Structures are given as C-alpha cells and as structure tokens.
Amino acid sequence: MDQGEIWAVGGGKGGTGKSFLAANLGITLANQGKRVLLIDADLGCANLHTCLGIDYPEATLSDLLTGRIKRIEQAIVPTGITRLGLISGAQDILAMANPKHAQKTRLLKQIQELDMEYIILDLGAGTSFNVLDFFLIADQGILAVLPEPTSIENVYRFIKSVFYRRFRKIAREEAVREIIAQAMDQKNENGIKTPYDLIKQVARMDGAVGELLKNEMYSFRPKLVVNQVRSKDDITLGFSMRSSCTQYFGITVEYIGYVEYDDHVWQATKRRRPLVTEYPMSSSARGIKSVAARLVTHEQLTIDYLVDTAPRR
Amino acid sequence: MKPLREQNFYELFEIPVSATREQIEQAYALAKKTYGEQSLAAYSLFDSEERKEIIRKTHLAYETLSDENRKKQYDRDVLGLAVPEKPPQPAGPVKTTPAAAASEPPKDIAAPVEIESLTGTLLRQVRERRGIPLQEIADKTRINITYFEFLERNQYRSLPPSVYLRSYVLQYARILGLDPVRVADRVLFLVEQSKGSGKRSV
Ligand SMILES: Nc1ncnc2c1ncn2[C@@H]1O[C@H](COP(=O)(O)OP(=O)(O)OP(=O)(O)O)[C@@H](O)[C@H]1O
Ligand SMILES: [Mg+2]
C-alpha cells in the first residue's frame with residue numbers, strides 16, 4: 001500500500017481560515033471517495049471538531065503524544081462523513097507540553113502506516129517549532145492568507161521561519177548554525193537580508209553545506225491559498241505574492257487558488273455544520289473544491305487566468 | 001533561482017523564451033502591479049528603492065521582449081541562443097501522433113547518437129524529429145519548460161542543481177525514447193564542464 005499524502009495548513013496569523021480550509025478540504029476529498037484523516041495539530045487551541053459539528057472527543061492527539069493511549073487508531077473518531085476520520089487536538093495548553101521531536105517523528109511514522117490516502121494537518125497560528133516542524137513534515141504545505149497587510153506579512157514571516165528551521169536542521173556545524181540564527185534577526189550585522197545572502201555566506205564557510213541549502217530552496221514549494229477574496233485585485237494578490245517570494249526568498253510558491261468571502265461560511269458555522277456539506281453550491285464551496293483539485297493533481301494557477309475578468313472555476 | 005541582478009528577462013517575468021506576445025503583456029502588467037506604489041504583496045519585503053529598481057528592470061524587459069528585433073538580439077547576445085532563420089522544421093516524416101511517437105522504441109536516432117557528441121542541440125533535433133512538442137514534455141513531467149529550453153539551447157549554466165536536473169533529464173530522455181541514464185550522465189557532465197568556462201548571464 002502506498003503511504004498517505006500529508007497536507008498541512010498553516011500561515012502564521014490567527015483566523016485566516018486554516019481550520020475552515022482543512023475541514024472542508026477533508027470533506028471534499030472524502031466525498032470524492034478518498035480515505036481521509038484530519039488531524040487537529042493546533043496544540044492547545046483545538047477546534048477542528050467544531051468545524052465538523054462534533055463534540056470534543058474522549059481521545060485526542062495529546063493522549064497519543066503523552067502515551068495515555070498507545071495506538072493511533074484508538075485516537076481516531078468518526079466525523080459522520082463517510083471515509084473521513086478525525087484526531088482531535090488538545091484544548092488545554094497545560095495538558096499539552098511541547099512534544100519532543102522524537103515524539104513528533106514517532107507520530108508521523110504511525111500516521112503514515114495508517115490506511116489513509118490523505119492526512120490533513122490543521123496547524124495553529126504562529127511560528128512555534130511545533131507548527132514549523134509539522135509544516136516541514138508535510139508533503140504539501142499550504143499557506144492560508146487573507147488579502148490584508150498583516151496576514152501577508154505573517155505569511156512571509158512564516159515562510160522565512162520554516163525555511164531557516166529547515167536550514168538549521170541540515171547544517172550540523174555550530175558556526176553555520178550560528179550564522180543562520182543571526183540571519184533570522186533582520187538587523188543582523190552580517191548584512192544578511194535574504195536567503196540568497198545567507199546561502200552565499202554559508203557557501204563561503206562550507207561549500208558543501210551551501211550547496212545543500214541551495215537544493216533545499218528548490219525543493220521547498222509551499223502552496224498558497226488566498227481566502228476571503230472580495231475583488232479581482234484580491235485574486236491577483238496570489239500571483240503578486242508568488243512573484244515577490246521568488247524575488248525575495250528565491251523560492252517557488254505555488255498559487256493554488258482562492259476562496260471567496262462568503263456569508264454562507266458563517267451561516268454554516270453558526271449551525272455547526274461544515275460549509276461544503278451545507279452549501280455545496282456556494283461560491284466559497286466551489287473555491288474549496290478547485291483548490292482541492294489542484295492539490296490532488298499538483299497544479300497551480302497560471303496568470304492567463306486573470307484574462308477572464310469574471311471569476312471562473 | 002537567482003537574485004534580481006543575475007536574472008535574465010525571462011526569469012524576471014517567469015515566462016519561457018517561447019512566450020507569446022500576450023504572455024509578455026500579462027507578465028508585465030502583473031509586475032507593475034506587484035512592485036508598484038500600491039503594492040500589498042511587496043512592500044514588506046522590498047523598500048521603495050528596491051521596488052523602483054525592480055520596476056525599472058521590468059520596463060526594460062518589456063521594451064526588449066515586446067519588440068521582435070530587440071528580442072532576437074537579446075536572445076542572441078545575452079542568452080547566447082542561435083536564432084533559427086526559419087521556424088524549425090521537423091526533419092523527416094512525423095505522421096505519428098506525438099504520444100505514439102513517444103512510446104515507440106527509438107529506431108532511427110537511438111543507434112547513431114554517439115553519447116560523446118550528445119548536446120542540448122542534438123536532443124532538440126531528436127525531439128523535433130519525433131514530433132514531440134516541448135510543451136507536451138513539460139505538461140507530462142510537470143517540470144518548468146524553461147529548464148528544457150535551456151537544456152536544448154546548451155544553456156547548461158542556467159539549469160537547476162544536479163539532484164533535480166538528473167531526475168528532469170531522466171524523464172525527458174524517457175519520453176524521447178532515449179537511454180535515460182546515459183543521457184542524464186552526459187548532461188550532468190556537460191553541466192560540470194560548462195562551470196569551467198565563463199559565459200556571463202545577465
Ligand atoms: N471564505 C470565508 N468567508 C467568510 N468567512 C470565512 C471564510 N473563511 C473563514 N471564515 C471565517 O473566519 C473565521 C476564522 O476561520 P478559522 O477558524 O478557520 O481560522 P484559523 O486560521 O483556523 O484560526 P486559528 O488561527 O485561530 O486557528 C471563522 O469564523 C470562519 O467561519
Ligand atoms: Mg484554527
């Protein structure tokens with residue numbers, strides 16, 4: 001059996017629609033006949049179960065991480081949707097100490113051994129190591145951004161943090177690690193502003209590591225979803241962010257679609273019902289479906305898309 | 001990926017050398033929007049001087065690429081591309097559909113291709129003879145068409161790092177019906193070799 005593909009939804013800022021996207025992408029895949037597991041990896045602030053309209057379950061991810069339950073299967077609860085399972089997160093921050101890297105790795109191994117085709121991780125806000133590590137573990141890292149300055153800035157900070165975390169893992173040597181840590185500080189004295197500068201600096205210290213980091217730049221391809229769009233400019237923003245990331249970070253961000261701002265979302269939320277189940281024909285549900293389709297086929301939007309003025313799906 | 005000052009106009013616009021007029025227009029419009037005064041996407045990464053710098057290069061790129069003669073000259077002088085007099089004609093009969101041609105075992109070309117003399121140009125000739133559009137390979141492999149264009153134009157220094165390149169060339173060669181491993185080895189060798197010589201990219 002093939003291992004399931006892991007998707008992680010992150011993006012830095014709170015309230016950008018990460019849980020909303022994770023839940024509805026999961027349902028969309030399950031409705032298409034895929035076996036899907038949703039995992040609420042928002043440790044301390046779990047609410048994915050609410051997006052699915054179910055009560056906070058008995059067994060959760062923290063039970064698994066603390067070893068209270070042994071087998072991952074025991075933590076999966078049904079969602080009322082065929083082929084879609086859920087592992088809920090911890091709601092109490094105190095109960096959920098920071099899992100060690102080894103614990104996360106073991107969890108990952110167990111996840112991959114499950115008979116699932118897709119595993120979707122809903123990440124918390126912020127750029128804690130937990131969030132970054134889960135994002136890095138995923139086959140497809142999805143960034144949810146809102147078309148507003150603070151959210152965009154947060155996504156960039158998120159990208160940078162993920163990136164440097166990855167770099168640090170590759171670089172074993174203390175001196176190189178030190179440079180990477182310094183680079184995180186925007187006003188560092190080495191004049192390192194962008195990953196380009198960093199890689200150049202590292203390559204001077206150790207050519208082989210510089211080469212490794214460069215390869216890392218090529219393989220790191222986060223996916224971007226613009227949520228709550230209200231205008232054509234909001235749709236264009238995804239392309240602009242893609243270009244900016246190429247110019248600044250030297251990485252390829254794939255723009256995989258957008259979801260319109262839609263009153264149906266809060267109408268569904270109020271009734272504790274998932275959007276795509278409750279309003280499958282709404283504009284936002286259609287947006288989710290095309291995002292899901294592009295993730296499955298590994299496609300992205302091309303700028304020809306903008307030629308048609310009318311939103312097209 | 002390269003920093004701005006090392007990017008050529010195609011890299012700046014993220015379009016293939018074969019881009020249509022329309023694609024060039026679109027890319028230009030997007031760049032103006034992305035790095036302009038009202039920019040939401042770029043202001044936090046680039047200060048206004050840096051954005052002006054990008055815009056300046058964008059104007060120049062547009063002026064050059066939208067003028068057929070200047071584009072030709074640019075392709076020749078900066079990219080080092082030989083500009084064909086006529087649009088390349090597929091040599092030999094290409095009656096089979098591209099897909100069928102791709103799966104057919106190589107008859108005509110395979111034997112005569114001396115691996116020691118294999119270059120990007122020769123790969124292009126093989127491909128054209130097989131009647132397989134480059135776009136089709138890019139679509140099938142989901143690999144950026146620009147890389148294949150660089151490869152076929154012997155622009156080895158513009159190719160991605162070898163770990164990726166190897167897998168790209170393997171897939172490319174497989175579609176052409178050539179021995180993937182030998183072709184990949186050869187291309188990587190050419191890349192290594194090109195690192196010694198100093199052709200400047202802009
Ligand atoms: N396309 C949309 N149209 C209208 N409302 C939306 C849309 N997407 C999300 N929302 C609303 O925005 C709010 C935040 O969404 P959500 O809880 O999914 O964000 P989050 O990123 O998971 O937040 P947190 O970081 O706190 O976990 C919710 O009330 C949700 O219903
Ligand atoms: Mg959430």
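So that the names make sense, note that chain A is the first sequence line, chain B the second, and so on, each numbered from 1. Because the structure is a prediction, the values reported are computed rather than measured.
- Note that the OG atom of B:Ser39 and the CE atom of A:Met241 stand 10.5 Å from one another [nearest 0.5 Å].
- Listed by chain and residue number, B:Tyr164 satisfy the side-chain hydrogen bond (donor to acceptor under 3.5 Å, both in side chains) test with A:Ser219 (two or more places apart in sequence, or in another chain).
- Residues of residues 180-187 of chain B lying under 4.5 angstrom from chain A, judged on non-hydrogen atoms, do not exist.
- Rounding to the nearest 0.5 angstrom, the gap separating the CG atom in B:Leu40 from the OG atom in A:Ser151 is 9.5 Å.
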Full working for side chain to side chain contact (heavy atoms under 4.5 Å, CB included) between B:Thr34 and A:Gln247: CA-CA 11 Å; B:Thr34 303; A:Gln247 291 300 341; over 6 Å; no
Verdict with supporting geometry, A:Glu153 and B:Tyr43, side chain to side chain contact (heavy atoms under 4.5 Å, CB included): CA-CA 9 Å; A:Glu153 285 178 24; B:Tyr43 78 88; 2.4 Å; yes
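- You'll find the side chain of B:Tyr35 stays beyond 4.5 Å of the side chain of A:Ser240, heavy atoms only.
- With values rounded to the nearest 0.5 angstrom, B:Lys33 atom NZ is found 13.5 Å from A:Ser243 atom OG.
- Nearest heavy-atom pair across B:Glu14 and A:Thr246 is OE1-OG1, 3.9 Å.
- Listed for the A:Tyr156 side chain is a donor-acceptor partner under 3.5 Å among the backbone atoms of B:Ala41.
- At a heavy-atom separation below 4.5 angstrom, chain B is approached by no residue within residues 163-170 of chain A.
- Counting heavy-atom pairs under 4.5 Å between each of B:Ser44, B:Ala31, B:Pro161 and chain A puts B:Pro161 at the top.
- Under the rule for a salt bridge (Lys or Arg N to Asp or Glu O under 4.0 Å), the partners of B:Arg127 that lie at least two apart in sequence or sit in another chain are B:Glu152.
- The environment of A:Lys214 atom NZ is sparse: at most 12 non-hydrogen atoms of other residues, nucleotides or ligands sit within 6.0 angstrom.
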